[in-house]
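Since the model is a prediction, treat every value here as computed from it, not as a measurement. Numbers here are sequence positions counted from 1.
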Amino acid sequence: MEPITFTARRHLFPNEASVDFGLQLVGSLPVHALTTMPMLPWVVAEVRRLSGQSSKKEPGTKQVRLCVSPSGLRCEPEPGRSQQWDPLICSSIFECKPQHVHKLIHNSHDPSYFACLIKDNAGSQQSICYVFKADDQTKGLFWEEPN
């Protein structure tokens with residue numbers, strides 16, 4: 001019997017500088033690709049509401065690492081301090097090129113929460129809205145939508 005071999009890809013773009021953020025993934029929701037900025041606060045509120053409902057049964061948020069580089073964005077589960085990174089357990093929640101992130105929003109009343117809208121596929125009419133929460137609101141991510 002031949003051994004099974006595989007190559008684990010730890011970093012999306014290993015030769016590039018990237019910034020990693022430790023965050024909580026509150027949840028996600030598929031939305032139409034034409035969702036506009038004025039609609040996003042309602043989408044974020046729905047994700048937070050659904051997360052609150054699931055937290056009664058099980059934890060709704062999970063610790064993740066958001067890795068941002070000039071060539072890509074990757075979100076992966078945070079393995080924890082006691083666990084070692086394992087490619088069979090720790091797979092990416094999502095990976096995308098920066099041009100697939102088409103909307104970003106944060107709440108000025110609660111800056112620890114922010115959301116990003118990511119195009120699902122090039123030909124798809126669907127996007128996914130991911131909602132994150134920073135443990136320390138001074139270290140949250142802030143973007144401004146160009147006018």
Side-chain angles (χ1 to χ4, degrees), residues 5-33 35-122 124 126-147:
T5 60
F6 63 91
T7 303
R9 207 174 48 165
R10 175 89 164 110
H11 295 287
L12 186 60
F13 304 101
N15 296 331
E16 286 187 346
S18 68
V19 179
D20 293 357
F21 297 93
L23 304 167
Q24 292 178 30
L25 176 62
V26 177
S28 63
L29 197 62
V31 295
H32 193 276
T35 300
T36 62
M37 286 299 282
M39 300 162 99
L40 279 180
W42 280 279
V43 174
V44 171
E46 181 66 8
V47 170
R48 289 180 68 179
R49 186 185 68 77
L50 292 171
S51 173
Q53 286 179 349
S54 71
S55 67
K56 294 173 185 168
K57 302 173 205 161
E58 61 200 43
T61 62
K62 62 177 156 181
Q63 287 295 125
V64 297
R65 185 175 343 156
L66 188 64
C67 306
V68 181
S69 75
S71 300
L73 180 70
R74 183 181 71 250
C75 179
E76 59 188 31
E78 185 68 63
R81 290 186 174 98
S82 61
Q83 284 184 302
Q84 193 171 13
W85 186 82
D86 183 350
L88 299 175
I89 296 171
C90 185
S91 62
S92 293
I93 296 169
F94 68 84
E95 287 184 30
C96 70
K97 294 181 179 178
Q99 60 265 32
H100 291 150
V101 179
H102 60 108
K103 301 239 187 303
L104 298 160
I105 184 175
H106 79 277
N107 184 342
S108 58
H109 298 291
D110 190 354
S112 61
Y113 283 91
F114 70 95
C116 62
L117 211 58
I118 298 177
K119 292 180 185 176
D120 199 13
N121 284 327
S124 176
Q126 192 166 353
S127 293
I128 300 176
C129 180
Y130 291 96
V131 179
F132 298 94
K133 181 180 188 301
D135 293 330
D136 180 356
Q137 71 181 16
T138 62
K139 294 181 182 172
L141 301 175
F142 299 96
W143 294 281
E144 299 227 348
E145 188 75 2
N147 291 331

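Smallest separation of non-hydrogen atoms from V131 and L25: O-CD1, 3.5 Å. Between P98 and S69 the shortest heavy-atom distance is CG-O, 4.3 Å. Residues K119 and S127 approach most closely at CA-OG, 3.8 Å, considering heavy atoms. Smallest separation of non-hydrogen atoms from L104 and M37: O-CE, 3.3 Å. Among all heavy-atom pairs drawn from R48 and Y113, the shortest one is NH2-CE1, 3.2 Å. The heavy-atom pair separating V26 from F132 by the smallest distance is CG2-C, 4.1 Å.
Partners of E46 under the side-chain hydrogen bond (donor to acceptor under 3.5 Å, both in side chains) rule, at least two apart in sequence or in another chain, are R49.
Using a 4.5 Å cut-off on side-chain heavy atoms (C-beta onward), V43 and I105 make no contact. Annotation: side chain of V31 is not in contact with side chain of M39 (no heavy-atom distance under 4.5 Å). The closest side-chain heavy-atom distance from I118 to F94 is below 4.5 Å.
Considering L117, L73, V68 in turn, L73 is the only one that fulfils the side chain to side chain contact (heavy atoms under 4.5 Å, CB included) rule with V101. Exactly one residue among Q63, R65, Q24 makes a side chain to side chain donor-acceptor pair (under 3.5 Å) with E78. That residue is R65.
The line from CG of L40 to NE2 of H106 is 13.0 Å long, rounded to the nearest 0.5 Å. A distance of 8.0 Å separates OH in Y130 from CD1 in I93, rounded to the nearest 0.5 Å.
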- Query: Given the rule in the salt bridge (Lys or Arg N to Asp or Glu O under 4.0 Å) test, do R74 and E95 qualify, once you have shown the distances and angles that lead to the verdict?
  - Reply: CA-CA 4 Å; R74 183 181 71 250; E95 287 184 30; 5.0 Å; no

